[in-house]
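FYI, side chains are in, hydrogens and waters are out, and symmetry mates aren't considered; it's all heavy atoms of this structure.
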Amino acid sequence: MTSFLFGAAGFVLTMMGLGLVVILRRPAEVDLMMAAQLLGTGGVAILLLLAAATETPPIVDVALLLALFAAFAAVAFVRSASGQESEVSKATSDG
């Protein structure tokens, strides 16, 4: 079972790398946020698989922190993007 979990972690890492290559080829800010989310979710999946394979419970705590940081990054991105749009719409409606 351990070799299957390590293989699954390797597969997730490979797919995450391929996804990052595709996403980072586009220069938009939204694509960079997608890359950050991909790193967060892929990293969580890999850490959970490794925690199960090595039977090391503290790795699960690290995975939960990574998921929390990825969620905070997404919220910060949305708040900053919505703030920029509202400033642009105010400037165009005033002038």
Side-chain angles (χ1 to χ4, degrees):
M1 184 68 168
T2 302
S3 61
F4 173 74
L5 292 173
F6 280 121
F11 177 76
V12 170
L13 182 64
T14 303
M15 292 297 111
M16 193 171 71
L18 289 173
L20 281 174
V21 168
V22 170
I23 291 172
L24 292 177
R25 293 172 92 192
R26 297 181 257 167
E29 288 182 14
V30 175
D31 295 327
L32 295 176
M33 189 62 226
M34 285 177 45
Q37 287 296 308
L38 178 63
L39 282 173
T41 55
V44 168
I46 291 169
L47 287 173
L48 290 175
L49 287 167
L50 292 178
T54 61
E55 297 178 1
T56 310
I59 297 176
V60 175
D61 297 336
V62 175
L64 289 173
L65 281 175
L66 184 59
L68 185 66
F69 291 151
F72 283 155
V75 169
F77 176 76
V78 169
R79 288 193 66 177
S80 69
S82 66
Q84 290 173 355
E85 289 177 8
S86 63
E87 290 174 9
V88 170
S89 64
K90 286 179 187 176
T92 56
S93 65
D94 290 339

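- Cluster membership for V12 and I23, using ILVMFWY side-chain heavy atoms within less than 4.5 angstrom, is shared.
- Within 6.0 Å of the CZ atom in F72, the count of heavy atoms belonging to other residues, nucleotides or ligands does not exceed 12.
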Under 3.5 Å, which donor-acceptor pairs link side chains of residues 35-53 to any protein atom two or more places apart or in another chain?
from	atom 1	to	atom 2	distance (Å)
Q37	NE2	A70	O	2.7
T41	OG1	Q37	O	3.1
T41	OG1	L38	O	3.4

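- With values rounded to the nearest 0.5 angstrom, L13 atom CG is found 13.0 Å from F6 atom CZ.
- Note: the hydrophobic cluster containing L20 does not contain L66 (ILVMFWY, side chain heavy atoms under 4.5 Å, direct or indirect links).
- Considering only heavy atoms from C-beta on, L24 comes within 4.5 Å of L32 through its side chain.
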